[in-house]
Protein chains: 2
Amino acid sequence: MGIDRRVVRTRTALYEALLSLIRRKHYELITVEEILAEANIGRSTFYAHFTSKDDLLKRSLERLRDLLVTAKDRTISAALRQEGEQAWDPSRALFEHVAEHADIRSALTGGRGGGIVRDAIDDVLAEVLRQSLPATMDATLPRDLVIRHMVSTFNAVLRWWLEVRPETTPREADAAFRKLVLHGVPPEACRPFIMTA
Amino acid sequence: MGIDRRVVRTRTALYEALLSLIRRKHYELITVEEILAEANIGRSTFYAHFTSKDDLLKRSLERLRDLLVTAKDRTISAALRQEGEQAWDPSRALFEHVAEHADIRSALTGGRGGGIVRDAIDDVLAEVLRQSLPATMDATLPRDLVIRHMVSTFNAVLRWWLEVRPETTPREADAAFRKLVLHGVPPEACRPFIMTA
DNA sequence: GAAATTTCCGAACATCATGTTCCGGATCGT
DNA sequence: ACGATCCGGAACATGATGTTCGGAAATTTC
């Protein structure tokens, strides 16, 4: 019981239909009927498996999370095995991963569509970080906040890359990301919004 | 011509109705009819002034932008007049401003509702920064990216504050914000996601 | 391989929000 | 006061969502 081949076929068909559509248009503009047409699935069948489009999205991204986690583990263990290599940086690997799937740009791009998808991906990234980052002892920078900050910085760099500087290479994007996270912004570039006492 | 009292009454009633509703529930869940009921405005009248709910939101936030700009100018000029004061930091003033209007929490909080509102507010903040920040000369950190990063960091701190640590004071939140923007995260807190060569 | 389940399809239906149209009456500027 | 403009309200078209149900088809089980 539990593993009727029809249900896994139905569900994966819907997962893939949604992800395929997300590459072509904004999530919010995708209609349930389009998903059904793309997946060749009946309307009532859809609602027998998922309660809504958002539900389908969430479960689709659970697959993506597993994918990310294994990718992260792979690059980290590769890093520990042979130090001094160049492909051992998870953050850079992530940028390169995105570069290979540049067709999901419209899913992350601003506007009406992006919000839910971005939030869901933020959650995935945050969970990955939560599993791999050490505990910090800095009282003024709680771990939760650091994680959120890294996620949001990653997203900021990523969107800047996709939206305003598409010609940037993954390694340049990663360099900017690391600089921002590790060293911040030069004080003279913040004035007078942030005054350094 | 141009300033018929009826139209300004209608529009401000709609602006305030929307902002009032936003304090109570998620933007996406607000229906046009609710806005009409709250503002006591007829349906056809609404569509005579705005093309959609999003249109109304955008124009509502233009008012907020003007408010922000003047507030920023005020604190900056106050800063230049009497140095060594304590209320001369625009970023801290912004956190304090938010603290006073804590009832918009649900508008910024995650989930389905927040996306569009957050994006719109991001735009406002980015525009304010664009007007006041100097040009940077750092080639690896373009101005656009710095602005986006500051906006997203502000949002990250703000949401962390509202969602996970509501008891934090504005000055603590601002301290964390400044630390993140100016100095970044200690390297040992990033490993092994970001490796420092 | 046949019986018994479980799932799928498809069409019809109810519901709800959006946006448009129209006109009598109210309100405004001058 | 008068002409121009705006407002209200109801009616309508549209389009997406989610539900229901009975017969057909696939799958598991034995």
Side-chain angles (χ1 to χ4, degrees), chain A residues 1-22 24-60 106-107 111-117 120, chain B residues 1-22 24-61 106-107 111-117 119-120:
Chain A
M1 61 173 269
I3 37 166
D4 193 321
R5 299 170 116 81
R6 286 172 294 182
V7 324
V8 327
R9 241 188 300 143
T10 300
R11 293 186 182 171
T12 59
L14 288 170
Y15 293 149
E16 285 167 10
L18 176 61
L19 295 181
S20 169
L21 284 171
I22 279 183
R24 279 177 252 155
K25 63 192 291 189
H26 282 292
Y27 171 76
E28 288 266 339
L29 299 178
I30 296 172
T31 177
V32 173
E33 305 223 45
E34 286 178 275
I35 302 174
L36 302 179
E38 177 82 15
N40 272 95
I41 296 290
R43 182 170 199 68
S44 55
T45 305
F46 175 89
Y47 286 105
H49 290 274
F50 305 96
T51 71
S52 65
K53 196 178 62 167
D54 286 9
D55 186 29
L56 174 62
L57 175 67
K58 263 187 229 151
R59 300 217 221 160
S60 301
S106 69
R112 180 148 206 126
I116 305 139
V117 179
Chain B
M1 62 170 262
I3 37 167
D4 193 321
R5 299 170 117 80
R6 287 170 293 183
V7 324
V8 328
R9 242 189 299 140
T10 301
R11 292 185 184 174
T12 60
L14 288 170
Y15 292 149
E16 286 168 9
L18 176 61
L19 294 181
S20 169
L21 284 171
I22 279 184
R24 279 178 253 154
K25 63 192 292 188
H26 282 293
Y27 172 75
E28 288 265 340
L29 299 178
I30 296 172
T31 176
V32 173
E33 305 222 46
E34 286 178 277
I35 302 173
L36 301 179
E38 178 82 16
N40 273 94
I41 295 292
R43 182 171 201 68
S44 55
T45 305
F46 175 88
Y47 286 105
H49 290 275
F50 305 96
T51 71
S52 66
K53 197 178 61 166
D54 286 8
D55 187 30
L56 174 62
L57 174 68
K58 262 187 231 150
R59 300 218 220 160
S60 302
L61 290 179
S106 68
R112 181 152 203 119
I116 305 136
V117 180
D119 277 5

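Because the structure is a prediction, the values reported are computed rather than measured.
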K.L.:
Measure the distance from CZ on B/F46 to P on D/dA10 and round it to the nearest whole Å.
P.N.:
19 Å
K.L.:
Counting only side-chain N and O atoms of B/S44, is one of them less than 4.0 Å from OP1 or OP2 of C/dT21?
P.N.:
no
K.L.:
Test for a donor-acceptor pair under 3.5 Å between the base of D/dT27 and the side chain of A/R6, counting only N and O atoms.
P.N.:
no
K.L.:
Consider the side chain of A/T45, meaning its heavy atoms from C-beta on, and name the nucleotide among C/dT7, C/dC9, D/dT17 that approaches it most closely.
P.N.:
C/dC9
K.L.:
Could you tell me whether A/E38 and A/R24 have a side-chain N and a carboxylate O separated by less than 4.0 Å?
P.N.:
yes
K.L.:
B/I3 has an atom CD1; how far is it from atom P of C/dG29, in whole Å?
P.N.:
7 Å
K.L.:
With sugar-phosphate meaning primed atoms plus P, OP1 and OP2, does B/T31 contact a base, only sugar-phosphate, or nothing at under 4.0 Å between heavy atoms?
P.N.:
sugar-phosphate
K.L.:
Any base atoms under 4.0 Å from B/R5, or only sugar-phosphate, or nothing? Heavy atoms, all strands.
P.N.:
sugar-phosphate
K.L.:
Let's test your reading of the model: under 3.5 Å, does the base of D/dG18 pair with the side chain of A/R43 as donor and acceptor?
P.N.:
yes
K.L.:
As a test of reading the structure: which of D/dC7, D/dG18, C/dG19 is closest to the side chain of B/S52, going by heavy atoms?
P.N.:
C/dG19
K.L.:
Just by distance, with hydrogens left out, do B/T10 and B/R6 show a side-chain donor and acceptor under 3.5 Å apart?
P.N.:
no
K.L.:
If you compare every side-chain N and O of B/H49 against the phosphate oxygens of D/dC7 (OP1, OP2), does one of them come in below 4.0 Å?
P.N.:
yes
K.L.:
For C/dT20, does OP1 or OP2 lie under 4.0 Å from any side-chain N or O of B/Y47?
P.N.:
no
K.L.:
Rounded to the nearest 0.5 Å, what separation is found between the CD atom of A/E34 and the NZ atom of A/K25?
P.N.:
3.5 Å
K.L.:
Between B/G42 and A/E33, which is nearer to the 5' end of DNA chain D once each is assigned its nearest nucleotide?
P.N.:
B/G42
K.L.:
Take atom NZ of A/K58 as the centre, draw a 6.0 Å sphere, and report whether it contains more than 12 heavy atoms from other residues, nucleotides or ligands.
P.N.:
no
K.L.:
How close or far is atom P of C/dC8 from atom CG of A/L14, stated in whole angstroms?
P.N.:
9 Å
K.L.:
Does a side-chain N or O from A/R9 land closer than 4.0 Å to OP1 or OP2 of D/dT27, or not?
P.N.:
yes
K.L.:
Separation of B/E28 atom CD from C/dC16 atom C1', in whole Å?
P.N.:
16 Å
K.L.:
Regarding A/D54 and A/Y27, is there a side-chain donor-to-acceptor distance under 3.5 Å anywhere?
P.N.:
yes
K.L.:
Separation of B/L36 atom CG from C/dG19 atom P, in whole Å?
P.N.:
11 Å
K.L.:
In whole angstroms, how far is the P atom of C/dC16 from the CG atom of B/L29?
P.N.:
15 Å
